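Computed from a predicted model, the values in this text were never measured in an experiment. Chain letters run A, B, ... following the sequence lines, proteins first and then strands; every chain starts at 1.
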Amino acid sequence: MHEQSWACIQFGNAVVAATLWATAAAAADATASVKKVLEQSCLGCHNSTIKTSGLSLATVSEARKGGRRGAALVPGNPEESLLMRMISGEKPKMPPYGAPLTPEEVAQVRAWIFQGAPWPDGLNVNPRNTTSAPEWWSLKPLSPPQPPAVESEWIRTPVDGFIVSKLKEKGLTPSPEADRRALIRRLTYDLHGLPPAPEDIDAFAADRSPDAYQKLVDGLLASPRYGERWGRHWLDVVHYGESHGYDKDKQRPHAWPYRDFVIRSFNDDMPYSRFVKEQLAGDVLYRDDPDGVIGTGFIAAGPWDYVGHVELREGTMDKKITRLLDRDDMVATTMSTFVSLTAHCARCHDHKFDPISQEDYYSLQAVFSGVDRADRPFDLNPKVAAQRRPLLDQRRAIQRGLQPLLEIEAQTTSPEVQKIDGDLRALGLERANLQAGESERRKDIQSRFDRLTQERKDLVHSLLDSETRAAIDGAMQKLAAVDRQIGALPKPELVYAATSFFDRQANFTPAWQPRVVQVLNRGNVEAPGKPAQPGTVSGVRGLPSRFEISDPNDEGARRAALAEWITDPRNPLTWRSIVNRVWEYHFGAGIVDTPSDFGRMGSKPTHPELLDWLAVWFRDNGGSLKKLHRLIVTSAVYRQSSRPRPECMRIDADNRYLWRMNARRLEAEAVRDATLQISGKLDLTMGGPSVQQFYFKDDHSPVYDYTRFDVDSPASFRRSVYRFIVRSVPDPFMDSLDCPDASLLTPKRNVTLTAIQALAMLNNPFMVKQAEYFADRVQNLALSLPERIAAAYRLALGRAPRPDETEALAAYAAQYGLANACRLILNSNEFLFID
Amino acid sequence: MDRRRFLWHWGGGLGGVALAHLLGEAGLLAQTSPRPEFNGGLHHPARAKRVIQLFMSGAASQCDTFDYKPRLIRTSGEKFDPGEKVELFQSSPGAVMKSPWDWKQYGHCGKWVSGLLPHIGSCVDDIAFIHSMVSKSNVHGPATFMQNTGFVLPGFPSMGAWLSYGLGSMNDNLPAFVVLPDSRGFAPNGPGNWSSGFLPASNQGTMIRASSPNPIFDLHPPKSAAFISPGSEKAGLTLLNKLNHSHMAERQGDSRLEARIASYEMAARLQVSAPEVLDIARESAATRNLYGVDEAITADFGRNCLIARRLLERGVRFVQVWSGADNGFPRRNWDSHEDIAKDHGDMGSSMDRPAAALIKDLKARGMLQDTIVYWTTEFGRMPCSQGSKGRDHNPFTFTTWLAGGGIRGGATYGESDEWSYKPADKAVYCYDVHATVLHLVGIDHRRLMFRNNGIDRRLTDVHGEVIRELLA
């Protein structure tokens with residue numbers, strides 16, 4: 001209960017005194033309604049902490065005093081009350097978020113003001129759903145429920161007990177097990193994103209040993225194809241991309257090591273808490289492990305405003321906005337990925353629905369205030385890494401001291417310097433407007449440019465006072481000495497990751513120490529409030545919400561503290577979040593159907609006890625994802641037939657309670673990869689730089705053109721997880737199959753079926769070429785057309801064709817060629833939907 | 001549920017989504033589908049059914065087009081001193097610089113328009129201008145996102161996608177939202193500007209590159225595929241249909257299977273209707289002349305505007321036509337940092353006649369009354385010079401205009417200051433323009449929402465006021 005609940009505890013007496021003409025009960029109703037309106041629609045921005053426009057409606061004194069625009073209320077006179085003017089009328093100004101108040105609610109407020117706006121002294125209202133509200137399901141501590149005691153032959157694992165008892169409760173019954181061919185097809189697509197080979201289907205169908213299914217599952221989980229499939233799911237969740245996005249969408253040629261890290265982690269079954277820690281603070285927590293650095297590619301995975309960071313000058317408003325939004329992306333990605341909270345909703349105001357204050361949000365921003373996104377060196381050889389580390393530390397110390405001196409140098413100017421600047425600008429423009437082929441002129445311009453640049457440098461240097469000049473020269477010499485030592489080491493690898501130390505690129509410079517983060521009123525960089533301490537949300541019982549960091553300049557310690565908070569066994573969100581994600585990818589729907597939002601705007605769990613049981617089981621079994629997969633896919637609920645049954649359809653058409661398996665449409669990557677496997681062209685080379693399935697020109701604004709890519713080149717045949725992912729210009733083929741925008745956190749993909757998608761499946765040059773390869777393959781597998789059709793069916797659909805199908809397709813192939821028949825099979829619903 | 005609605009459901013329109021059990025629980029059922037008694041509006045009667053947006057990429061200068069400032073002419077060459085520190089994108093402020101074009105009054109309303117745009121000048125009595133537009137970013141990428149999606153971040157649905165989602169399609173043969181990029185390339189952010197973001201993918205803009213040999217991706221098989229012929233296509237689709245039906249017979253109750261069968265029928269119709277709509281050879285000489293499709297300078301934008309009109313005629317809901325590509329060199333968009341006279345000269349001459357033709361042509365065909373023409377850019381340019389002849393970015397004030405269905409022609413709303421540097425009153429953000437356009441097509445911008453990652457998202461974020469003064 002709310003301790004200061006207005007309506008329930010203190011309200012009655014006060015109202016009797018204030019409204020002589022009304023019964024206490026009626027007035028209590030009206031005021032209870034007003035309380036609800038205030039709490040739901042007003043208190044979020046107008047409370048004792050956040051007084052937007054200077055107004056709080058949290059206490060009586062504050063409400064009567066009003067804000068910058070005067071009193072909010074004139075008791076007894078609704079027409080004169082600012083509050084009424086703000087919430088009523090054709091286009092009410094307030095509330096600015098969500099739907100306007102209903103006419104009934106407006107009438108209730110009006111009546112309440114008319115009654116004198118009774119508001120007993122000493123009484124507060126609380127914004128809805130903040131910490132004083134009853135604890136929300138996802139924040140409740142984890143305690144393992146006992147699997148329900150149900151007797152059923154159907155049950156195979158503890159998971160099934162939860163499922164079957166819920167089915168009983170809803171008047172539903174489970175479906176029988178799917179046949180062997182359907183099972184191996186389902187499992188192989190689910191765990192590998194590829195179809196099973198015909199011989200594997202036959203072997204499994206014929207294997208009568210009691211552990212045939214178990215062996216199949218173990219074999220699939222042991223294959224590296226598993227990491228490629230499930231790694232791709234993870235890359236959706238964290239919106240991994242390989243170009244910056246926005247204007248001037250430059251490539252990130254060193255992003256891919258993070259993609260390989262993800263795939264490797266899944267394949268190696270890295271314990272989940274370590275997986276989390278490496279991505280947030282691996283560079284700090286596992287200093288000698290290259291994966292520690294690579295893992296922080298997570299923080300850098302999202303879009304980045306190149307122009308804002310590199311071209312905008314320090315100190316400008318837009319620079320501040322750029323940084324604010326850049327950290328916002330880091331906070332949003334971290335919190336929605338690992339704990340399924342929408343903390344980013346609290347940038348401009350306290351979270352409207354969940355116990356996340358604006359201060360909590362800026363505390364999270366402070367965690368990331370020392371890092372930027374840039375290429376970061378790492379060594380695969382730990383010995384070299386150990387040699388490089390102290391050198392980099394020295395280099396950083398020198399540069400930190402040098403930085404203010406360079407700022408002085410940058411500010412130094414004179415009429416002569418300005419003249420050179422003008423000449424340089426003119427030359428720059430001349431160079432920019434050169435046409436192709438003017439190479440002589442280009443050379444000439446470049447040499448003039450270089451000469452002027454050197455002249456300018458010397459001139460500025462001579463203008464400095466002798467002390468500054470000496471200090472700069474000294475630091476430069478030290479720097480050169482360190483750089484010589486670094487240069488003697490083997491060349492490091494690079495990964496695009498979170499880093500606090502990188503080479504300056506125009507106006508993009510490292511923070512040197514964590515930048516000060518202030519709580520911004522309404523998210524406005526022009527309205528900074530008090531400084532935020534590194535921390536996190538306050539709603540998790542037993543865990544600190546602000547971090548104790550001994551050295552405020554140690555930015556890595558901030559990230560490490562957040563990683564520890566997330567992976568603490570007592571943090572219920574983390575463990576619920578990951579088991580729900582895994583469930584979602586296996587079944588097509590999560591136990592909570594909003595996998596990155598466990599707040600009040602999200603869905604509630606359909607099987608809360610199962611979710612908690614899985615979370616505890618997973619946490620206490622070493623955080624092994626492979627064990628979790630094995631548990632789920634060996635359960636009877638997963639092995640059910642997907643066929644609809646009318647008696648259950650009537651009760652639960654959406655199959656929320658899993659009375660059958662969900663049939664699934666293949667994702668874009670699975671369509672592409674399956675096609676390649678079926679045609680025999682799939683190249684299973686793992687890892688390394690991404691394949692660019694487009695024409696690329698690195699211009700002032702880079703050009704990406706998919707129509708100029710040769711679909712018959714080797715880059716075409718790799719698995720889709722190794723595609724180079726461009727943010728601004730997505731691959732139209734993948735796009736048509738709902739492959740998500742890499743600028744968007746995607747916990748769950750949309751499934752659409754459109755004419756544009758049908759055209760892509762029919763006519764995309766890749767699909768057309770693959771149909772030919774598919775035909776070539778079956779041409780060599782059998783002699784007669786009917787046998788070739790049968791071979792094609794076994795490869796693509798995992799079954800033998802029925803006689804009518806063989807007849808129709810063989811006749812079609814006889815007239816129009818086998819490639820056309822193969823193209824039809826790849827366009828069939830049976831290829832695209834998995835039972 | 002009728003057929004179009006069924007297909008729209010699987011394409012991901014709002015009427016269909018509302019069927020979903022989950023959303024019913026989430027309280028989104030209150031959102032309705034277009035209502036005949038509202039003239040196809042969602043929440044109230046619609047004044048317009050279609051929208052065409054002309055986007056001037058790179059930032060079209062207000063003070064060289066529609067925002068007439070005698071002070072710039074009077075004080076040209078003098079120090080620019082608006083009485084505060086001026087923070088520019090690339091440069092330090094130069095001297096006040098008048099437009100290289102002379103100004104003239106047009107129409108009954110007496111609107112001043114620069115000599116760069118005489119054809120649009122002749123339409124001013126149909127146009128309502130807003131001179132106090134403000135952007136939240138002075139960087140092309142974020143600012144272009146903002147004008148398209150209401151957010152400076154990537155990943156949000158564009159206005160066309162919202163309209164497609166909210167109102168659906170008016171035809172069975174063409175997409176609801178079509179985009180015609182500049183033939184020289186994409187504007188900053190590329191196709192991200194017409195993304196459906198978190199809305200179902202079917203709401204994203206379908207790109208038509210009219211100058212390309214394959215204007216729509218994958219509309220037909222590649223020419224290199226010799227094994228595909230009209231005969232094989234016809235027989236193949238019939239056979240595919242049969243195979244899919246027998247597959248579906250064992251899986252009764254899965255509406256996706258039927259929807260996918262239907263998507264192939266729609267694809268076949270699109271194959272017929274798209275080439276027809278792109279074939280402007282059938283247009284009369286007078287019409288071709290009106291748009292300037294046979295003159296080099298106006299050929300590209302003119303052809304795109306003419307195709308846009310043909311799309312609107314055939315029931316496409318939202319068409320976006322781009323004037324300007326990326327910010328590279330030699331200049332191929334409105335980003336005239338170096339030389340306004342040359343670069344705005346080229347862009348203006350290529351855009352002026354076709355844009356005016358669109359208004360005149362729609363009017364002559366009786367379509368202007370329920371079609372909104374919406375001209376915009378990502379921000380404006382400074383009244384002072386950059387270098388000696390260019391202008392730097394001005395996010396503080398720029399001009400947008402609207403014409404057509406429900407718009408009060410000849411109106412002007414909001415003024416910039418005497419420099420055309422900042423708004424003098426009534427600062428207008430894209431939220432307000434978006435709210436106004438949505439209002440005219442029968443949508444309350446506060447009620448068209450989609451929940452994504454815990455937030456009920458709107459085109460207008462948490463802002464937006466319908467600009468009543470612009471309504472007829």
Side-chain angles (χ1 to χ4, degrees), chain A residues 91 96-100 245-247 249 303 305 307-308 316 318 325 336 342 345 429 432-433 593 596-597 599 601-602 644 649 654 663 699-701 703 728-729 732 738 741 743-745 750 752-760 763-765 768 808 812 816-817 819-820 824 827-830, chain B residues 10-12 21-22 87 137-142 153-155 185 188-192 195 197-198 200-202 206 217-222 225 227 232 235-236 239-240 243-244 247 252-254 256-257 259-260 263-264 266-267 270 326-330 338 446-447 451 453-456 462:
Chain A
K91 284 286 156 197
Y97 314 101
Y246 293 94
D247 185 11
D249 189 14
D305 183 356
V307 177
T316 60
D318 280 84
L325 296 180
S336 50
T342 54
C345 296
L429 186 57
N433 277 312
D593 208 27
S596 286
D597 183 11
M601 292 293 272
M649 286 289 281
D654 292 339
D699 205 346
H700 182 272
S701 298
V703 175
S728 66
V729 192
D738 306 298
D741 181 339
S743 296
L744 206 60
L745 298 166
N750 282 320
T752 63
L753 301 160
T754 65
I756 295 294
Q757 183 186 99
L759 289 171
N763 298 332
N764 184 273
V768 170
Y812 178 69
Y816 300 108
N820 270 313
L824 288 196
N827 274 277
S828 67
N829 279 357
E830 190 169 347
Chain B
W10 277 109
H21 177 69
L22 279 174
E87 192 177 90
S137 171
N138 73 350
V139 182
H140 293 290
L153 297 168
N189 311 327
S195 162
F198 41 76
S202 52
T206 297
F217 286 132
D218 303 331
L219 185 63
H220 297 290
F227 68 98
S232 75
L239 178 52
L240 179 63
L243 296 174
N244 283 339
H247 172 261
Q252 288 299 335
D254 190 342
R256 295 173 300 180
L257 302 177
R260 189 158 183 277
S263 74
Y264 278 73
M266 285 179 74
L270 183 60
D326 59 72
N327 302 313
F329 298 95
E338 299 81 17
R446 295 166 56 131
R447 288 160 70 193
R451 185 167 299 171
N453 287 341
I455 307 180
D456 281 336
V462 297

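Both the backbone and the side chain of Leu240(B) come within contact range of chain A, with heavy atoms under 4.5 Å apart. For Asn763(A), the parts lying near chain B are the backbone and the side chain together; criterion is any non-hydrogen pair under 4.5 Å. Proximity to chain A is limited to the side chain of Ser195(B), based on heavy atoms less than 4.5 angstrom apart. Heavy-atom distances place both the backbone and the side chain of Asn829(A) under 4.5 Å from chain B. Contacts of Asp305(A) with chain B are made by side-chain atoms alone, with heavy-atom separations under 4.5 Å and no backbone atom involved. For Leu759(A), the parts lying under 4.5 angstrom from a heavy atom of chain B are both the backbone and the side chain. Only the side chain of Ile756(A) comes within contact range of chain B, with heavy atoms under 4.5 Å apart. Residue contact with chain B, scored on non-hydrogen atoms closer than 4.5 Å, involves the backbone and the side chain of Asn820(A) alike. If you measure heavy-atom distances from Leu243(B) to chain A, the contacts under 4.5 Å come from the side chain alone. With a 4.5 Å cut-off on non-hydrogen atoms, Ser828(A) touches chain B through its backbone and its side chain both.
Between Val307(A) and His140(B), the closest side-chain pair of non-hydrogen atoms is not below 4.5 Å. Using a 4.5 Å cut-off on side-chain heavy atoms (C-beta onward), Tyr246(A) and Pro142(B) make contact. Taking 4.5 Å as the limit, every side-chain heavy atom of Phe198(B) sits out of range of all side-chain heavy atoms of Asp741(A). Using a 4.5 Å cut-off on side-chain heavy atoms (C-beta onward), Asp456(B) and Met601(A) make contact. Side-chain atoms of Asp218(B) and Pro765(A), non-hydrogen and from C-beta on, do get closer than 4.5 Å to each other.
Each of Gly817(A), Ser596(A), Pro732(A) has some count of heavy-atom pairs under 4.5 Å with chain B, and the biggest count is that of Pro732(A). Options Ala225(B), Gly155(B), Pro221(B), Gly190(B) differ in how many heavy-atom pairs under 4.5 Å they form with chain A, and the most are formed by Pro221(B). Contact count against chain A (heavy-atom pairs under 4.5 Å) is highest for Ser232(B) among Ser232(B), Gly253(B), Gly192(B), Pro191(B). Heavy-atom pairs under 4.5 Å with chain A peak, among Pro154(B), Pro188(B), Gly328(B), Gly141(B), at Pro154(B). Comparing Ser743(A), Gly308(A), Gly245(A), Ala808(A) by how many heavy-atom pairs each has under 4.5 Å with chain B, the most go to Ser743(A). Of the listed residues (Leu270(B), Ile455(B), Leu239(B)), the one with the most heavy-atom contacts under 4.5 Å to chain A is Leu239(B).
When all heavy atoms of Val768(A) and Pro222(B) are compared, the closest pair comes out as CG2-CD, 3.8 Å. Between Pro644(A) and Gln252(B), the closest heavy-atom pair is CG-O, 3.0 Å. The nearest pair of heavy atoms linking Ala235(B) to Tyr816(A) is CB-CE1, 3.6 Å.
Here the side chain of Asn189(B) pairs a donor or acceptor atom with the backbone of Asp247(A) at under 3.5 angstrom. The backbone N or O of Ala663(A) sits less than 3.5 Å from a side-chain atom of Arg256(B), completing a donor-acceptor pair. The main-chain N or O of Ser701(A) is never found under 3.5 Å from a side-chain atom of Asp326(B) such that the two would form a donor-acceptor pair.
Annotation: the span from Asn827(A) atom CG to Arg260(B) atom CZ amounts to 6.0 Å, rounded to 0.5 Å.
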